[in-house]
Protein chains: 2
Amino acid sequence: MHEHNHQICIDQALKRAKQVCLQHGVRLTELREQILRLIWQNHKPLGAYLLMNLLEENSDREHVAPPTVYRTLDFLIEHGLIHKVHSLNAYVGCSSPNQDRCNALFICSVCGETEEIPNNSIQQAINLSASQHKFTVENQMLEIMGKCQPCKQKKASDS
Amino acid sequence: MHEHNHQICIDQALKRAKQVCLQHGVRLTELREQILRLIWQNHKPLGAYLLMNLLEENSDREHVAPPTVYRTLDFLIEHGLIHKVHSLNAYVGCSSPNQDRCNALFICSVCGETEEIPNNSIQQAINLSASQHKFTVENQMLEIMGKCQPCKQKKASDS
DNA sequence: CTAAACTATGTTATATGATAACATAACATC
DNA sequence: GATGTTATGTTATCATATAACATAGTTTAG
(Lines give C-alpha, C1' and ligand atoms only; values in the text may rest on other atoms or scores of the structure.)
Protein backbone atom coordinates (compact mmCIF):
# COMPACT_ATOMS: atom_id res chain seq x y z
CA MET A 1 0.00 0.00 0.00
CA HIS A 2 1.28 3.46 -0.80
CA GLU A 3 1.80 5.44 2.32
CA HIS A 4 -0.73 8.18 2.02
CA ASN A 5 -3.39 9.40 4.34
CA HIS A 6 -6.52 7.52 3.57
CA GLN A 7 -8.74 9.64 5.73
CA ILE A 8 -7.87 12.70 3.68
CA CYS A 9 -8.71 10.73 0.54
CA ILE A 10 -12.09 9.75 1.88
CA ASP A 11 -12.87 13.20 3.21
CA GLN A 12 -11.99 14.81 -0.09
CA ALA A 13 -14.08 12.32 -2.01
CA LEU A 14 -17.10 12.95 0.20
CA LYS A 15 -16.66 16.67 0.02
CA ARG A 16 -16.51 16.50 -3.73
CA ALA A 17 -19.52 14.22 -3.80
CA LYS A 18 -21.53 16.79 -1.89
CA GLN A 19 -20.51 19.50 -4.31
CA VAL A 20 -21.39 17.37 -7.31
CA CYS A 21 -24.78 16.44 -5.90
CA LEU A 22 -25.51 20.06 -5.14
CA GLN A 23 -24.56 21.05 -8.67
CA HIS A 24 -26.62 18.27 -10.20
CA GLY A 25 -29.59 18.93 -7.94
CA VAL A 26 -29.64 15.43 -6.47
CA ARG A 27 -29.36 14.11 -2.95
CA LEU A 28 -26.39 12.43 -1.34
CA THR A 29 -28.48 10.22 0.91
CA GLU A 30 -27.12 8.25 3.84
CA LEU A 31 -27.06 5.06 1.78
CA ARG A 32 -25.18 6.71 -1.04
CA GLU A 33 -22.72 8.29 1.31
CA GLN A 34 -22.15 5.01 3.13
CA ILE A 35 -21.43 3.12 -0.05
CA LEU A 36 -19.21 5.85 -1.41
CA ARG A 37 -17.31 5.85 1.87
CA LEU A 38 -16.88 2.06 1.77
CA ILE A 39 -15.56 2.29 -1.75
CA TRP A 40 -13.10 4.98 -0.83
CA GLN A 41 -11.85 3.09 2.19
CA ASN A 42 -10.05 0.94 -0.35
CA HIS A 43 -8.08 1.86 -3.38
CA LYS A 44 -9.00 -1.54 -4.68
CA PRO A 45 -12.05 -2.16 -6.79
CA LEU A 46 -14.80 -3.79 -4.73
CA GLY A 47 -17.50 -6.12 -6.02
CA ALA A 48 -21.17 -5.32 -5.50
CA TYR A 49 -21.80 -8.32 -3.27
CA LEU A 50 -18.78 -7.55 -1.15
CA LEU A 51 -20.06 -4.02 -0.76
CA MET A 52 -23.40 -5.49 0.25
CA ASN A 53 -21.75 -7.47 3.03
CA LEU A 54 -19.61 -4.54 4.11
CA LEU A 55 -22.72 -2.41 4.30
CA GLU A 56 -24.42 -4.95 6.53
CA GLU A 57 -21.38 -5.08 8.78
CA ASN A 58 -20.70 -1.38 8.93
CA SER A 59 -24.15 0.08 9.31
CA ASP A 60 -27.24 -0.60 11.33
CA ARG A 61 -28.93 -2.09 8.29
CA GLU A 62 -29.74 -5.73 8.74
CA HIS A 63 -30.62 -7.09 5.35
CA VAL A 64 -29.24 -5.37 2.31
CA ALA A 65 -30.39 -6.76 -1.02
CA PRO A 66 -28.60 -6.54 -4.36
CA PRO A 67 -30.89 -3.93 -5.94
CA THR A 68 -30.12 -1.56 -3.09
CA VAL A 69 -26.44 -1.75 -3.88
CA TYR A 70 -26.74 -1.74 -7.65
CA ARG A 71 -29.06 1.25 -7.70
CA THR A 72 -26.68 3.16 -5.55
CA LEU A 73 -23.71 2.15 -7.69
CA ASP A 74 -25.61 3.26 -10.78
CA PHE A 75 -26.28 6.59 -9.15
CA LEU A 76 -22.65 7.08 -8.20
CA ILE A 77 -21.49 6.11 -11.68
CA GLU A 78 -24.04 8.39 -13.31
CA HIS A 79 -22.72 11.34 -11.36
CA GLY A 80 -19.10 10.48 -12.04
CA LEU A 81 -18.23 9.60 -8.47
CA ILE A 82 -17.10 6.03 -9.10
CA HIS A 83 -16.07 3.86 -12.01
CA LYS A 84 -16.97 0.33 -12.85
CA VAL A 85 -13.88 -1.73 -13.53
CA HIS A 86 -15.23 -4.05 -16.18
CA SER A 87 -12.34 -6.45 -16.22
CA LEU A 88 -13.02 -7.22 -12.56
CA ASN A 89 -16.76 -6.61 -12.26
CA ALA A 90 -15.93 -4.24 -9.46
CA TYR A 91 -16.24 -0.61 -8.49
CA VAL A 92 -13.65 1.97 -7.54
CA GLY A 93 -13.70 5.63 -6.55
CA CYS A 94 -13.32 8.16 -9.30
CA SER A 95 -10.58 10.60 -8.49
CA SER A 96 -11.33 13.18 -11.17
CA PRO A 97 -15.08 13.41 -11.55
CA ASN A 98 -14.97 16.56 -13.63
CA GLN A 99 -13.80 14.86 -16.77
CA ASP A 100 -16.16 13.69 -19.46
CA ARG A 101 -14.31 10.53 -20.17
CA CYS A 102 -12.74 7.89 -18.08
CA ASN A 103 -9.01 8.06 -17.60
CA ALA A 104 -6.58 5.21 -17.70
CA LEU A 105 -7.01 2.82 -14.79
CA PHE A 106 -3.82 1.14 -13.68
CA ILE A 107 -4.68 -1.99 -11.74
CA CYS A 108 -2.03 -3.93 -9.87
CA SER A 109 -2.48 -7.66 -10.33
CA VAL A 110 -0.74 -8.35 -7.03
CA CYS A 111 -2.21 -5.94 -4.48
CA GLY A 112 -5.23 -4.87 -6.47
CA GLU A 113 -4.55 -1.22 -5.83
CA THR A 114 -5.96 0.91 -8.59
CA GLU A 115 -4.93 4.34 -9.73
CA GLU A 116 -6.73 6.54 -12.16
CA ILE A 117 -4.27 8.48 -14.21
CA PRO A 118 -5.35 11.32 -16.46
CA ASN A 119 -3.35 11.45 -19.63
CA ASN A 120 -3.90 13.86 -22.42
CA SER A 121 -1.67 12.17 -24.93
CA ILE A 122 -3.54 8.89 -24.57
CA GLN A 123 -6.80 10.76 -25.01
CA GLN A 124 -5.50 12.65 -28.02
CA ALA A 125 -4.31 9.45 -29.63
CA ILE A 126 -7.72 7.87 -29.07
CA ASN A 127 -9.54 10.91 -30.41
CA LEU A 128 -7.32 11.00 -33.47
CA SER A 129 -7.83 7.33 -34.18
CA ALA A 130 -11.57 7.72 -33.73
CA SER A 131 -11.80 10.69 -36.06
CA GLN A 132 -9.72 8.91 -38.68
CA HIS A 133 -12.31 6.16 -38.66
CA LYS A 134 -15.19 8.66 -38.54
CA PHE A 135 -16.25 7.18 -35.25
CA THR A 136 -18.02 9.35 -32.70
CA VAL A 137 -16.89 8.44 -29.21
CA GLU A 138 -19.55 8.35 -26.52
CA ASN A 139 -17.73 6.49 -23.86
CA GLN A 140 -14.48 4.67 -23.39
CA MET A 141 -12.64 2.50 -20.95
CA LEU A 142 -8.97 1.82 -20.62
CA GLU A 143 -7.92 -0.71 -18.04
CA ILE A 144 -4.30 -1.61 -17.67
CA MET A 145 -3.35 -4.65 -15.63
CA GLY A 146 0.16 -5.13 -14.36
CA LYS A 147 2.45 -4.66 -11.41
CA CYS A 148 2.83 -1.47 -9.41
CA GLN A 149 6.24 -0.30 -8.23
CA PRO A 150 5.83 -1.30 -4.55
CA CYS A 151 4.78 -4.83 -5.49
CA LYS A 152 7.69 -5.22 -7.87
CA GLN A 153 10.13 -4.14 -5.17
CA LYS A 154 8.53 -6.42 -2.65
CA LYS A 155 8.74 -9.37 -4.99
CA ALA A 156 12.39 -8.61 -5.72
CA SER A 157 13.24 -8.51 -2.03
CA ASP A 158 11.35 -11.77 -1.43
CA SER A 159 13.52 -13.78 -3.77
CA MET B 1 -23.15 -3.23 -41.99
CA HIS B 2 -20.01 -2.41 -43.93
CA GLU B 3 -20.11 -4.00 -47.32
CA HIS B 4 -17.31 -6.45 -47.22
CA ASN B 5 -17.17 -10.12 -48.03
CA HIS B 6 -17.82 -11.99 -44.85
CA GLN B 7 -16.89 -15.34 -46.21
CA ILE B 8 -13.37 -14.10 -46.94
CA CYS B 9 -13.20 -12.81 -43.37
CA ILE B 10 -14.22 -16.14 -41.93
CA ASP B 11 -11.95 -18.11 -44.21
CA GLN B 12 -8.97 -15.95 -43.34
CA ALA B 13 -9.69 -16.23 -39.65
CA LEU B 14 -9.90 -20.01 -39.84
CA LYS B 15 -6.77 -20.24 -41.92
CA ARG B 16 -4.93 -18.10 -39.40
CA ALA B 17 -6.34 -20.18 -36.55
CA LYS B 18 -4.92 -23.32 -38.13
CA GLN B 19 -1.51 -21.67 -38.47
CA VAL B 20 -1.55 -20.47 -34.89
CA CYS B 21 -2.57 -23.86 -33.53
CA LEU B 22 0.15 -25.52 -35.56
CA GLN B 23 2.71 -23.08 -34.22
CA HIS B 24 1.54 -23.51 -30.66
CA GLY B 25 1.33 -27.27 -30.96
CA VAL B 26 -2.35 -27.44 -30.06
CA ARG B 27 -5.38 -28.79 -31.87
CA LEU B 28 -8.10 -26.85 -33.62
CA THR B 29 -10.82 -29.37 -32.87
CA GLU B 30 -14.22 -29.41 -34.48
CA LEU B 31 -15.80 -27.70 -31.48
CA ARG B 32 -13.18 -24.97 -31.45
CA GLU B 33 -13.52 -24.43 -35.16
CA GLN B 34 -17.30 -24.32 -34.94
CA ILE B 35 -17.27 -21.71 -32.21
CA LEU B 36 -14.62 -19.65 -33.94
CA ARG B 37 -16.66 -19.78 -37.10
CA LEU B 38 -19.82 -18.69 -35.28
CA ILE B 39 -17.95 -15.79 -33.78
CA TRP B 40 -16.58 -14.72 -37.11
CA GLN B 41 -19.96 -14.91 -38.78
CA ASN B 42 -20.66 -11.70 -36.94
CA HIS B 43 -18.61 -8.62 -36.45
CA LYS B 44 -20.59 -8.10 -33.31
CA PRO B 45 -19.50 -9.43 -29.96
CA LEU B 46 -21.55 -12.51 -29.02
CA GLY B 47 -22.37 -13.67 -25.50
CA ALA B 48 -21.40 -17.14 -24.32
CA TYR B 49 -24.98 -18.31 -23.88
CA LEU B 50 -25.95 -17.02 -27.29
CA LEU B 51 -23.03 -18.94 -28.75
CA MET B 52 -24.26 -21.96 -26.85
CA ASN B 53 -27.64 -21.69 -28.53
CA LEU B 54 -26.15 -21.01 -31.93
CA LEU B 55 -23.99 -24.07 -31.52
CA GLU B 56 -27.03 -26.21 -30.77
CA GLU B 57 -28.81 -24.81 -33.80
CA ASN B 58 -25.91 -25.01 -36.22
CA SER B 59 -24.37 -28.33 -35.39
CA ASP B 60 -25.55 -31.83 -34.74
CA ARG B 61 -24.91 -31.40 -31.04
CA GLU B 62 -28.05 -31.64 -28.98
CA HIS B 63 -27.24 -30.35 -25.53
CA VAL B 64 -24.38 -27.92 -25.18
CA ALA B 65 -23.56 -26.90 -21.62
CA PRO B 66 -21.87 -23.70 -20.46
CA PRO B 67 -18.51 -25.28 -19.59
CA THR B 68 -18.19 -26.55 -23.13
CA VAL B 69 -18.49 -23.03 -24.46
CA TYR B 70 -16.42 -21.32 -21.80
CA ARG B 71 -13.56 -23.76 -22.10
CA THR B 72 -13.48 -23.24 -25.80
CA LEU B 73 -13.63 -19.47 -25.44
CA ASP B 74 -10.77 -19.64 -22.96
CA PHE B 75 -8.77 -21.66 -25.43
CA LEU B 76 -9.42 -19.20 -28.23
CA ILE B 77 -8.55 -16.25 -26.03
CA GLU B 78 -5.40 -17.93 -24.79
CA HIS B 79 -4.19 -18.38 -28.33
CA GLY B 80 -5.10 -14.86 -29.34
CA LEU B 81 -7.87 -15.83 -31.73
CA ILE B 82 -10.67 -13.92 -30.05
CA HIS B 83 -11.09 -11.13 -27.50
CA LYS B 84 -13.44 -10.83 -24.62
CA VAL B 85 -15.27 -7.51 -24.74
CA HIS B 86 -15.57 -6.84 -21.05
CA SER B 87 -17.99 -3.98 -21.29
CA LEU B 88 -20.49 -6.32 -22.98
CA ASN B 89 -19.56 -9.70 -21.51
CA ALA B 90 -19.21 -10.90 -25.03
CA TYR B 91 -16.66 -12.32 -27.42
CA VAL B 92 -15.42 -11.13 -30.78
CA GLY B 93 -12.90 -12.35 -33.32
CA CYS B 94 -9.37 -11.03 -33.03
CA SER B 95 -8.21 -9.62 -36.31
CA SER B 96 -4.53 -9.31 -35.49
CA PRO B 97 -3.53 -12.27 -33.34
CA ASN B 98 0.17 -11.64 -33.66
CA GLN B 99 0.23 -8.71 -31.32
CA ASP B 100 1.06 -9.05 -27.66
CA ARG B 101 -1.48 -6.56 -26.51
CA CYS B 102 -5.04 -5.89 -27.34
CA ASN B 103 -5.72 -3.08 -29.74
CA ALA B 104 -8.42 -0.48 -29.47
CA LEU B 105 -11.88 -1.94 -29.93
CA PHE B 106 -14.37 0.45 -31.49
CA ILE B 107 -17.87 -0.73 -30.68
CA CYS B 108 -20.89 0.86 -32.32
CA SER B 109 -23.68 1.41 -29.82
CA VAL B 110 -26.29 1.23 -32.57
CA CYS B 111 -25.41 -1.75 -34.75
CA GLY B 112 -22.98 -3.44 -32.38
CA GLU B 113 -20.39 -3.85 -35.07
CA THR B 114 -16.94 -3.96 -33.60
CA GLU B 115 -13.65 -3.13 -35.19
CA GLU B 116 -10.24 -3.75 -33.78
CA ILE B 117 -7.91 -0.98 -34.73
CA PRO B 118 -4.18 -1.23 -34.15
CA ASN B 119 -2.71 2.08 -33.18
CA ASN B 120 0.88 2.65 -32.30
CA SER B 121 0.46 6.13 -30.94
CA ILE B 122 -2.15 4.99 -28.44
CA GLN B 123 0.13 2.16 -27.41
CA GLN B 124 3.11 4.49 -27.11
CA ALA B 125 1.13 6.90 -24.98
CA ILE B 126 0.05 4.06 -22.70
CA ASN B 127 3.58 2.70 -22.44
CA LEU B 128 4.93 6.14 -21.65
CA SER B 129 2.36 6.76 -18.97
CA ALA B 130 3.02 3.34 -17.47
CA SER B 131 6.76 3.83 -17.37
CA GLN B 132 6.33 7.26 -15.81
CA HIS B 133 4.45 5.59 -12.99
CA LYS B 134 6.90 2.70 -12.85
CA PHE B 135 4.09 0.34 -13.69
CA THR B 136 4.81 -2.86 -15.59
CA VAL B 137 2.02 -3.60 -18.02
CA GLU B 138 0.94 -7.21 -18.37
CA ASN B 139 -2.33 -6.77 -20.12
CA GLN B 140 -4.62 -3.99 -21.21
CA MET B 141 -8.00 -3.33 -22.67
CA LEU B 142 -9.30 -0.32 -24.49
CA GLU B 143 -12.95 -0.37 -25.44
CA ILE B 144 -14.46 2.62 -27.14
CA MET B 145 -18.22 2.90 -27.40
CA GLY B 146 -19.84 5.24 -29.85
CA LYS B 147 -21.37 5.51 -33.29
CA CYS B 148 -19.84 4.23 -36.49
CA GLN B 149 -20.03 6.23 -39.68
CA PRO B 150 -22.74 4.14 -41.39
CA CYS B 151 -25.03 4.39 -38.36
CA LYS B 152 -24.54 8.14 -38.11
CA GLN B 153 -25.46 8.55 -41.77
CA LYS B 154 -28.44 6.30 -41.43
CA LYS B 155 -29.67 8.22 -38.41
CA ALA B 156 -29.23 11.53 -40.26
CA SER B 157 -31.25 10.29 -43.22
CA ASP B 158 -33.99 8.98 -40.91
CA SER B 159 -34.75 12.37 -39.41
C1' DC C 1 -51.02 21.73 6.20
C1' DT C 2 -52.01 18.20 3.41
C1' DA C 3 -52.77 15.94 -1.04
C1' DA C 4 -50.30 14.91 -5.02
C1' DA C 5 -46.10 14.03 -7.38
C1' DC C 6 -41.73 12.63 -7.22
C1' DT C 7 -37.67 10.35 -5.47
C1' DA C 8 -35.52 6.76 -2.81
C1' DT C 9 -35.42 2.41 -0.72
C1' DG C 10 -37.25 -2.29 0.50
C1' DT C 11 -38.55 -6.97 -1.09
C1' DT C 12 -39.06 -11.04 -3.79
C1' DA C 13 -38.03 -13.44 -7.56
C1' DT C 14 -35.38 -14.33 -11.45
C1' DA C 15 -32.27 -13.50 -15.33
C1' DT C 16 -27.57 -13.70 -16.95
C1' DG C 17 -22.75 -14.90 -16.83
C1' DA C 18 -19.20 -18.11 -15.26
C1' DT C 19 -16.89 -21.97 -12.83
C1' DA C 20 -15.99 -26.29 -9.81
C1' DA C 21 -15.74 -31.04 -9.71
C1' DC C 22 -15.92 -35.16 -11.54
C1' DA C 23 -16.97 -38.64 -15.53
C1' DT C 24 -16.19 -40.10 -20.10
C1' DA C 25 -14.26 -40.08 -24.60
C1' DA C 26 -10.75 -39.17 -28.11
C1' DC C 27 -6.12 -39.01 -29.37
C1' DA C 28 -1.16 -39.83 -29.16
C1' DT C 29 2.85 -42.50 -27.97
C1' DC C 30 5.23 -46.22 -26.95
C1' DG D 1 -3.38 -52.34 -27.17
C1' DA D 2 -2.03 -50.33 -22.48
C1' DT D 3 -0.92 -45.86 -20.80
C1' DG D 4 -0.75 -40.92 -20.40
C1' DT D 5 -2.61 -36.78 -22.12
C1' DT D 6 -5.89 -33.75 -23.98
C1' DA D 7 -10.64 -32.67 -24.92
C1' DT D 8 -15.38 -32.91 -24.03
C1' DG D 9 -19.66 -34.22 -21.41
C1' DT D 10 -22.48 -33.66 -17.18
C1' DT D 11 -24.31 -31.93 -13.00
C1' DA D 12 -24.44 -28.70 -9.75
C1' DT D 13 -23.46 -24.35 -8.11
C1' DC D 14 -21.52 -19.78 -7.62
C1' DA D 15 -21.29 -14.88 -9.04
C1' DT D 16 -23.17 -10.88 -11.09
C1' DA D 17 -27.10 -8.14 -12.24
C1' DT D 18 -31.94 -6.76 -13.09
C1' DA D 19 -37.28 -6.81 -13.32
C1' DA D 20 -41.31 -5.82 -11.05
C1' DC D 21 -43.78 -4.23 -7.62
C1' DA D 22 -44.41 -2.39 -2.61
C1' DT D 23 -43.38 1.01 0.81
C1' DA D 24 -41.42 5.07 2.71
C1' DG D 25 -39.51 9.57 2.63
C1' DT D 26 -39.25 14.42 0.44
C1' DT D 27 -40.81 18.19 -2.07
C1' DT D 28 -44.14 21.18 -4.00
C1' DA D 29 -48.53 23.26 -5.16
C1' DG D 30 -52.88 24.46 -3.83
Side-chain angles (χ1 to χ4, degrees), chain A residues 17-18 20-22 24-36 38-39 44-56 59-79 81-92 112 141 143, chain B residues 17-18 20-36 38-39 44-56 58-79 81-92 112 141 143:
Chain A
K18 276 166 194 157
V20 167
C21 286
L22 209 66
H24 296 194
V26 293
R27 279 185 282 159
L28 188 64
T29 62
E30 196 185 357
L31 178 64
R32 290 166 179 170
E33 186 169 332
Q34 283 171 340
I35 288 189
L36 187 59
L38 286 171
I39 288 175
K44 300 181 219 288
L46 301 179
Y49 279 71
L50 176 55
L51 277 165
M52 207 173 77
N53 295 335
L54 289 173
L55 195 56
E56 283 177 348
S59 74
D60 45 4
R61 295 166 204 278
E62 300 211 341
H63 301 293
V64 180
T68 302
V69 175
Y70 281 104
R71 274 191 296 236
T72 307
L73 291 172
D74 286 346
F75 172 89
L76 295 172
I77 290 169
E78 194 180 340
H79 295 286
L81 298 169
I82 63 171
H83 292 299
K84 173 164 186 179
V85 182
H86 282 83
S87 56
L88 301 173
N89 291 323
Y91 304 84
V92 71
M141 42 179 289
E143 297 174 13
Chain B
K18 277 167 194 158
V20 167
C21 286
L22 209 65
Q23 280 170 17
H24 296 195
V26 293
R27 279 188 281 159
L28 188 64
T29 62
E30 195 184 358
L31 178 65
R32 288 165 181 170
E33 186 170 331
Q34 283 172 340
I35 288 189
L36 187 59
L38 285 171
I39 289 177
K44 301 181 217 291
L46 301 180
Y49 279 69
L50 177 53
L51 276 166
M52 207 172 76
N53 295 335
L54 289 175
L55 195 56
E56 283 176 349
N58 294 280
S59 74
D60 45 3
R61 293 165 205 279
E62 300 212 343
H63 300 294
V64 180
T68 301
V69 174
Y70 281 104
R71 274 191 297 236
T72 307
L73 291 172
D74 286 346
F75 173 88
L76 295 172
I77 290 169
E78 194 180 338
H79 295 285
L81 298 170
I82 63 171
H83 293 299
K84 174 166 186 179
V85 182
H86 282 83
S87 55
L88 301 173
N89 293 322
Y91 304 83
V92 72
M141 44 177 286
E143 296 174 12

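Values below: all heavy atoms of this structure, side chains included; hydrogens, waters and symmetry mates excluded.
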Inset, instruction - Walk me through it: do B:Ser87 and B:Glu143 pass the test side-chain hydrogen bond (donor to acceptor under 3.5 Å, both in side chains)? - result: CA-CA 7 Å; B:Ser87 55; B:Glu143 296 174 12; 2.5 Å; yes
Legend entry - Whole-Å distance separating the CG atom of B:Leu50 from the C1' atom of C:dA18: 16 Å
Inset, instruction - Starting at atom OH of B:Tyr70, determine the distance to atom P of D:dC14, rounded to an integer number of angstrom. - result: 17 Å
Legend entry - Integer-rounded Å distance: D:dG9 C1' and B:Leu55 CG: 13 Å
Legend entry - Any A:Arg61 side-chain nitrogen or oxygen under 4.0 Å from OP1 or OP2 of C:dT9: no
Inset, instruction - Return the value, rounded to whole Å, for the distance between atom CG of A:Leu88 and atom P of D:dA17. - result: 11 Å
Inset, instruction - Please check the phosphate of C:dT9 (OP1 and OP2 only) for any side-chain N or O of A:Thr68 closer than 4.0 Å. - result: no
Inset, instruction - For B:His24 and D:dT6, give me the distance from atom NE2 to atom P, rounded to whole Å. - result: 16 Å
Inset, instruction - Under 4.0 Å between any heavy atoms, over every strand shown, what does A:Thr29 touch: base, sugar-phosphate, or nothing? Just pick one. - result: sugar-phosphate
Inset, instruction - Answer whether the closest heavy-atom distance between the side chains of A:Val26 and A:Phe75 falls below 4.5 Å. - result: yes
Inset, instruction - Find the distance B:Asp74:CG to C:dT19:P and express it as a whole number of Å. - result: 6 Å
Legend entry - A:Asn89 side chain, from C-beta outward: closest of D:dA19, D:dG9, D:dT16: D:dT16
Inset, instruction - Answer whether the closest heavy-atom distance between the side chains of B:Leu73 and B:Lys84 falls below 4.5 Å. - result: no
Inset, instruction - Indicate, yes or no, whether a donor-acceptor pair under 3.5 Å links the base of D:dG9 to the side chain of B:Arg71. - result: yes
Legend entry - Nucleotide nearest A:Pro67 when distance is taken to its side chain, options D:dA19, D:dA17, C:dG10: D:dA19
Inset, instruction - Could you check A:Pro66 against A:Arg27 and say which one's nearest nucleotide on DNA chain D is further toward the 5' end? - result: A:Pro66
Inset, instruction - Identify, between B:Tyr49 and B:Val26, the residue whose nearest nucleotide on DNA chain D lies closer to the 5' end. - result: B:Val26
Legend entry - Gap between atoms CG and P, on B:Leu28 and C:dC27 respectively (whole Å): 14 Å
Inset, instruction - Give the ring-plane orientation class for A:His24 versus A:His79, where under 30° counts as parallel, over 60° as perpendicular and anything between as tilted. - result: tilted
Legend entry - Side-chain touch B:Leu46/B:Leu54, heavy atoms, less than 4.5 angstrom: yes
Inset, instruction - Check the distance between C:dC27's P and B:Leu31's CG and give it to me in whole angstrom. - result: 13 Å
Inset, instruction - Examine C:dA18: is either OP1 or OP2 under 4.0 Å from a nitrogen or oxygen in the side chain of B:Lys84? Give yes or no. - result: yes
